[in-house]
Student: 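Supplied in structure tokens, the structure appears directly below.
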Amino acid sequence: MSRPQSAMVAPLQKALQSGAPHLGLERVISVERFTSGLSSQSYSISAETDDGPATWVMRLEPEHGVIPPYDITREYRLMAEVGAAGILAPKTLYLEEDASAIGGRFMLMAHVDGVVYGSRDPRLAEDPELLATVQDQFIETLARIHETPQTVLPAFADGPTSARAEVEVCRRRLEKIERIPAPILRHTLDVLDRMAPESQRIGLLHGDYRLPNLMWKDGKLVGVLDWELARVGDPLSDLAFTQTVGIGPCAVEGELAQRYSERTGVEIDEKLIVYYKLLELAKSSIIGLGGASDLAQGGDDLRLLSVATIATAGQPMLSVFQAQLEALLEA
Amino acid sequence: MILLDTSETLAAVRRSLEAHVLPELEDDFARVQVLAALRALDELGHRIENGDPCDAMNRNIDASVRAVAEEARAEAPEFAANLNAALDVAPAAASPRERAREVGDALWRLVSDSEEPAAARVFEVLRDEAIRTTAEDREWMCDEAIASLV
């Protein structure tokens, strides 16, 4: 889904003509907002340039939302850096750091022409050959992301530091958004803090690595989108994400996990996977609860009520994973 | 003054949106906002008929924790007194959610680091009440809203 945003056309054109002369912009024809996803506001921009018609994607840093703190500058720099390292992030074109230009800082990137496969996409279910090639590239790209050096995000030493830091981020966020007591979630965070594992390796994590964030053309991966949750940590965390929040035909488990392990040399300890699955579920629950908080702060997207409802109703599931983790790690 | 009862008013608003607004909307995003609004109205109607579930949660926690405190009074009088104090931490005029948040937070601070056997029982009360309160929450979820986000 997308929606026309005619009021943005003129200020965006002015901002790009003065700040990004390299684009050769003659006029912005239309601005349409994508309405899927919970992340930064994303828009499709149609324009005329001195090279002819152009289509770009703009990401606007929102004032508030469910995944704060937003930092479009960090996202832009990281995408530029991983792109230069050969990862298929959309090409970054311009960063506007003056929030007054169009009502928020924004970045412009190249439009990636391709298709997105959903988590239960029938095209993959019906075509085993396509599924196999998608899975191959899914694993290879994830491995390459984990191996990519970067200088934008703060690093962590090996050991339990990165997991504990994530738990602490969750705690601070929960404090801000908890509207009725969430004892299961609080207890889960305590357990995760107490059981924070030694990481065998630390690397760049995408943080939201799932089929809906990948673009494909003729069976080839052409774009890795949505880098706003990228961070540095244990690669097993990204693997656990594909088995929980990002579940689908590319969940990195079983044979796919073995292939990832052979490719990277990372040993997949199932106990640690259970730990990171619980952490991913807790994070996802906190993001969902943020939906209610966002509406209370002036947000106007009523879909967030349902997101918060899912997060609330799903909390008992955390207890199940938590018991499984405690039994495994204390055995 | 609207001459209808609150629940009658909500039901009329719901019917109006469903009959006259939804069919006219071609913009998918606008449609899903209206559908989400309809689910919110449903939940508000239920709240009017059956009371605010947050109120019920507060009452249940209060009664159960006071019972735990009473049981613990002989062996751990200070802890029992702290439990009762935590239950009284919210001002009388607090809204149900403010009360839930303040009492829940005070109880959590008390029990999360405590080795007292009563602390584990209070945690069970909080956990069980959270599960009970949210058990039927999926009923109010707007499927179209979630589908549009994926």
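Chain A is the first sequence line, chain B the second, and so forth, proteins listed ahead of strands; every chain is numbered from 1.
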Student: What residue in Ser319(A), Ser119(A), Pro181(A) has the most heavy-atom pairs under 4.5 Å with chain B?
Tutor: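 Of Ser319(A), Ser119(A), Pro181(A), Pro181(A) has the most heavy-atom pairs under 4.5 Å with chain B.
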Student: Heavy-atom pairs under 4.5 Å with chain A - which of Arg138(B), Arg127(B), Gln33(B) has more of them than the others?
Tutor: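 Winner by heavy-atom pair count: Gln33(B).
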Student: So with a 6.0 Å cut-off around CZ of Arg109(B), is the heavy-atom count from everything else above 12?
Tutor: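 12 or below, so no.
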Student: State, to 0.1 Å, how close His206(A) and Asp226(A) come at their nearest heavy-atom pair, and which atoms those are.
Tutor: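 Looking at all heavy atoms of both residues, the closest pair is CE1-O, 3.1 Å.
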Student: Contact part of Cys54(B) toward chain A, heavy-atom cut-off under 4.5 Å: side chain, backbone, both or neither?
Tutor: side chain
Student: Specify which of Ala40(B), Ala36(B), Ala135(B) makes the most heavy-atom pairs with chain A at under 4.5 Å.
Tutor: Ala36(B)
Student: Should the pair Arg101(B)-Asp105(B) be classified as a salt bridge under the 4.0 Å nitrogen-to-oxygen rule?
Tutor: no
Student: What are the two closest heavy atoms between Leu4(B) and Thr9(B), and how far apart are they?
Tutor: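 Smallest heavy-atom distance, with atoms named: CB-OG1, 3.4 Å.
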Student: Quick check on the interface: out of Asp301(A), Asp300(A), Leu305(A), Thr309(A), who has the most heavy-atom pairs with chain B under 4.5 Å?
Tutor: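 Option with the top pair count is Asp301(A).
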Student: Which bit of Ala37(B) is near chain A, if near means a heavy-atom gap under 4.5 Å: side chain, backbone, both or neither?
Tutor: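 When you check distances to chain A, atoms from both the backbone and side chain of Ala37(B) fall under 4.5 Å.
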Student: Around atom CD of Glu8(B), are there more than 12 heavy atoms of other residues, nucleotides or ligands at under 6.0 Å?
Tutor: yes
Student: Among the options Arg39(B), Glu129(B), Met141(B), pick out the one with the most heavy-atom pairs lying under 4.5 Å from chain A.
Tutor: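 Looking at each option in turn, the highest pair count goes to Met141(B).
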Student: So which of Gly314(A), Pro183(A), Gly118(A), Pro316(A) has the largest heavy-atom pair count under 4.5 angstrom toward chain B?
Tutor: Pro183(A)
Student: For atom CZ of Arg73(B), decide whether the heavy atoms of other residues, nucleotides or ligands shown that lie under 6.0 angstrom number more than 12.
Tutor: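 Open: at most 12 neighbouring heavy atoms sit under 6.0 Å from CZ of Arg73(B).
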Student: Would you check if Ile72(A) and Phe106(A) make a side-chain contact, meaning some heavy-atom pair closer than 4.5 Å?
Tutor: no
Student: Under a 4.5 Å heavy-atom cutoff, which of Pro96(B), Gly104(B), Ala100(B) has the most pairs with chain A?
Tutor: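 Counting heavy-atom pairs under 4.5 Å, the top option is Ala100(B).
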Student: Going by residue number, which parts of residues 185-192 of chain A are within reach of chain B, meaning a heavy-atom gap below 4.5 Å?
Tutor: Arg186(A), His187(A), Asp190(A)
Student: Examine whether an atom of Leu126(B) lies under 4.5 Å from a heavy atom of chain A, and if so say whether it belongs to the side chain, the backbone or both; otherwise answer neither.
Tutor: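 For Leu126(B), heavy atoms of backbone and side chain both lie under 4.5 Å from chain A.
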Student: Which answer fits Gln315(A), side chain, backbone, both or neither, if we ask what part of it has an atom under 4.5 Å from a heavy atom of chain B?
Tutor: neither
Student: For Met8(A) and Met58(A): C-alpha separation, side-chain torsions, deciding distance, then whether side-chain contact (heavy atoms from CB on, under 4.5 Å) applies.
Tutor: CA-CA 12 Å; Met8(A) 291 177 89; Met58(A) 176 177 76; 3.6 Å; yes
Student: Is the shortest distance from a Lys or Arg side-chain nitrogen in Arg15(B) or Glu18(B) to a carboxylate oxygen in the other one below 4.0 Å?
Tutor: no
Student: Please evaluate residues Arg33(A) and Leu60(A) with respect to the criterion side-chain contact (heavy atoms from CB on, under 4.5 Å), reporting the C-alpha separation (whole Å), side-chain torsions for both, the decisive distance (0.1 Å), and the verdict.
Tutor: CA-CA 10 Å; Arg33(A) 181 175 173 182; Leu60(A) 177 66; over 6 Å; no
Student: Using a strict 4.0 Å threshold on nitrogen-to-oxygen distance, state whether Glu168(A) and Arg171(A) make a salt bridge.
Tutor: yes
